[in-house]
Amino acid sequence: MSTLSVEMLAAAPAGPITSAGHAQLGIAVLVGIAVIVLLITRLKLHAFLALTIGSLVLGAVAGAPMDKVITSFTTGLGATVAGVGVLIALGAILGKLLADSGGADQIVDTILARASNRTMPWAMVLIAGIIGLPLFFEVGIVLLIPVVLLVAKRGNFSLMRIGIPALAGLSVMHGLVPPHPGPLAAIDAIGANLGVTLALGVLVAVPTAVIAGPLFSRVAARWVDIAPPEKLIPQRPSEELERRPGFAATVGTVLLPVVLMLAKALVDIVVDDPKDHVQRVTDVIGSPLIALLAAVLVGLFTLGRAAGFGRDRLATTVEKSLIPIAGILLIVGAGGGFKQTLIDVGVGRMILDISQNWSVPALLLAWLIAVGIRLATGSATVATISAAGLVTPLAADMSTSHAALLVLAVGAGSLFFSHVNDAGFWMVKEYFGMDVGQTIKTWSLMETVISVVSLVFVLLLSLVL
């Protein structure tokens with residue numbers, strides 16, 4: 001296998017790779033991932049560059065011709081960006097509209113006004129779950145931190161009792177529910193059905209958020225009892241607005257793409273006739289592109305116009321929403337290139353061959369691979385994309401529901417034990433005014449609870465679906 005070529009390995013699925021080939025490919029995978037990890041953690045190189053270099057190293061160690069490796073990487077990058085790039089952009093626009101219009105604050109204030117002291121942690125996880133649907137995790141943290149600090153201060157709550165449910169709601173959505181970049185990229189790589197994955201993702205996310213949020217916060221509050229840091233309470237976006245959108249219109253806009261995609265999934269299950277007019281209509285309006293585009297167009301009126309935004313302000317909001325996602329798109333695209341390189345040099349076939357002799361279930365194997373990459377790189381998105389590329393062959397003979405569960409298993413593993421190599425770790429530490437030890441006892445353990453609990457629910461669903 002010293003002179004492996006992409007053409008030779010393209011025929012690999014016809015038969016198992018030799019043990020010597022397994023050894024070389026195994027070393028190539030370890031070296032490729034080690035290079036990515038070292039570049040990200042030690043040299044602080046951007047994940048896009050690290051994934052690009054790691055893909056080239058992977059191909060070189062596997063013995064594939066470099067021109068073929070470059071072709072594999074660029075093909076995978078292009079296909080991934082084509083598949084999820086527009087969706088990420090539309091999600092970013094919707095999230096920016098939600099934040100700038102004061103719609104997020106409207107959801108927060110309405111729910112909190114109806115919550116008692118006893119139900120406040122439950123209200124926080126509900127708020128974070130709703131807001132977390134269209135928002136990237138980091139944006140959600142920035143939006144919710146003022147609310148968390150104010151509620152904890154005014155209600156004399158432990159900061160962890162309020163903060164952990166909010167963080168749990170955001171993190172669960174980020175790891176398990178599209179249209180977040182990680183789940184979208186995994187769905188694209190594995191070839192899972194987006195509507196089914198969304199439905200099962202919500203089904204897993206709700207009980208997971210409850211356990212890791214309001215319930216775990218009781219324990220976290222006993223371990224780390226701190227007051228909200230006064231100097232870290234920032235100004236809320238809607239304080240500068242004369243008016244903001246209504247609660248019903250805001251929630252309806254946020255949930256519109258979810259409803260459309262779920263409707264498509266349900267009709268596909270019930271009707272299952274490509275010539276049926278209802279199914280043809282839902283196939284169009286429930287496609288991720290149309291569903292998110294519809295939500296953005298509706299949001300321009302229900303969120304932007306309702307907040308008094310003119311055409312110029314709306315155009316500026318849309319423009320500003322797209323600037324921060326350039327890095328995310330490049331990372332996701334490079335992850336897709338890494339995935340395609342893994343497949344083309346035969347790693348997928350190798351994992352399929354080896355796993356046939358293991359007693360480890362495919363869902364648990366996917367989770368373990370994602371956990372390893374997450375611990376090493378600190379990035380949930382990198383872990384999701386890389387692990388999805390490695391386990392793609394396992395989905396070949398899976399049903400639609402089990403392919404969706406494979407995506408969720410990868411997403412669950414990508415959230416495991418956030419620590420010092422994760423940017424989210426430092427965001428939570430600084431915003432909540434904690435030291436490293438306190439952050440590990442609260443945030444890191446909460447992420448681990450989410451990862452393990454969601455895996456348990458995924459495995460339970462696999463037994464009944």
Side-chain angles (χ1 to χ4, degrees), residues 86-115 122-144 147 165-166 168-181 183-184 194-195 197-199 201-203 205-206 209 213 236-238 241 243-265 285-307 309 314 317-318 321 325:
V86 176
L87 305 185
I88 293 174
L90 291 172
I93 295 171
L94 183 58
K96 186 68 171 173
L97 283 170
L98 182 67
D100 287 4
S101 68
D105 288 343
Q106 182 68 20
I107 292 175
V108 167
D109 293 344
T110 302
I111 294 178
L112 292 184
R114 291 164 171 74
W122 299 86
M124 292 306 301
V125 75
L126 176 62
I127 291 167
I130 295 174
I131 290 179
L133 274 171
L135 291 178
F136 297 127
F137 178 77
E138 291 80 3
V139 179
I141 285 185
V142 172
L143 275 176
L144 281 180
V147 180
L170 286 175
S171 186
V172 167
M173 291 298 170
H174 173 70
L176 300 178
V177 182
H180 289 280
L184 277 178
L194 192 146
T197 307
L198 174 61
V202 171
L203 192 61
V206 171
R236 301 174 70 193
S238 65
L241 300 173
R243 65 178 190 269
R244 59 189 188 185
F247 175 77
T250 303
V251 172
T253 304
V254 171
L255 296 181
L256 177 60
V258 177
V259 171
L260 292 176
M261 286 187 279
L262 286 178
K264 175 187 181 301
I285 64 173
S287 67
L289 173 63
I290 299 301
L292 279 167
L293 179 61
V296 168
L297 294 178
V298 170
L300 292 174
F301 294 94
T302 59
L303 300 175
R305 289 291 191 182
F309 291 1
L314 286 173
T317 298
V318 172
S321 72
I325 67 168

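These numbers come from the heavy atoms of this one structure, side chains and all, not from hydrogens, waters or symmetry mates.
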If you take all heavy atoms of [X] and [Y], which pair is closest and at what distance?
X	Y	answer
P183	P178	CB-N, 3.9 Å
M124	P165	CB-CB, 4.1 Å
S101	R244	O-CB, 3.4 Å
A168	A209	CB-O, 4.2 Å
A166	A128	O-CB, 3.1 Å

key: Side chain proximity check, D100 to L303, heavy atoms < 4.5 angstrom   =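 Result no, sub-4.5 Å side-chain heavy-atom pair not found.
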What distance do [X] atom [atom1] and [Y] atom [atom2] have between them, rounded to the nearest 0.5 Å?
X	Y	atom1	atom2	result
L184	L198	CG	CG	10.0 Å
I290	L90	CD1	CG	9.5 Å
L94	L297	CG	CG	10.5 Å
M173	L176	CE	CG	8.5 Å
I127	L170	CD1	CG	10.5 Å

Partner residues of [X] under the side chain to side chain contact (heavy atoms under 4.5 Å, CB included) criterion, sequence neighbours left out:
X	value
R243	none
A263	none
L314	L97, L300, R305, F309

side-chain hydrogen bond (donor to acceptor under 3.5 Å, both in side chains) pairs, two or more places apart, involving residues 291-300 =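 Every pair satisfying side-chain hydrogen bond (donor to acceptor under 3.5 Å, both in side chains) with a residue in residues 291-300: there are none.
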request  = If a pair satisfies side-chain hydrogen bond (donor to acceptor under 3.5 Å, both in side chains) and one of its residues is in residues 290-300, list it, with sequence neighbours excluded.
outcome  =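 As it turns out, there is no side-chain hydrogen bond (donor to acceptor under 3.5 Å, both in side chains) pair with a partner in residues 290-300 once direct neighbours are skipped.
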Can you give each donor-acceptor pair under 3.5 Å made by side-chain atoms of residues 247-262, sequence neighbours left out, with the distance rounded to 0.1 Å?
unit_1: T250; atom_1: OG1; unit_2: G246; atom_2: O; d: 2.7
unit_1: T253; atom_1: OG1; unit_2: A249; atom_2: O; d: 2.7
unit_1: T253; atom_1: OG1; unit_2: T302; atom_2: OG1; d: 2.7

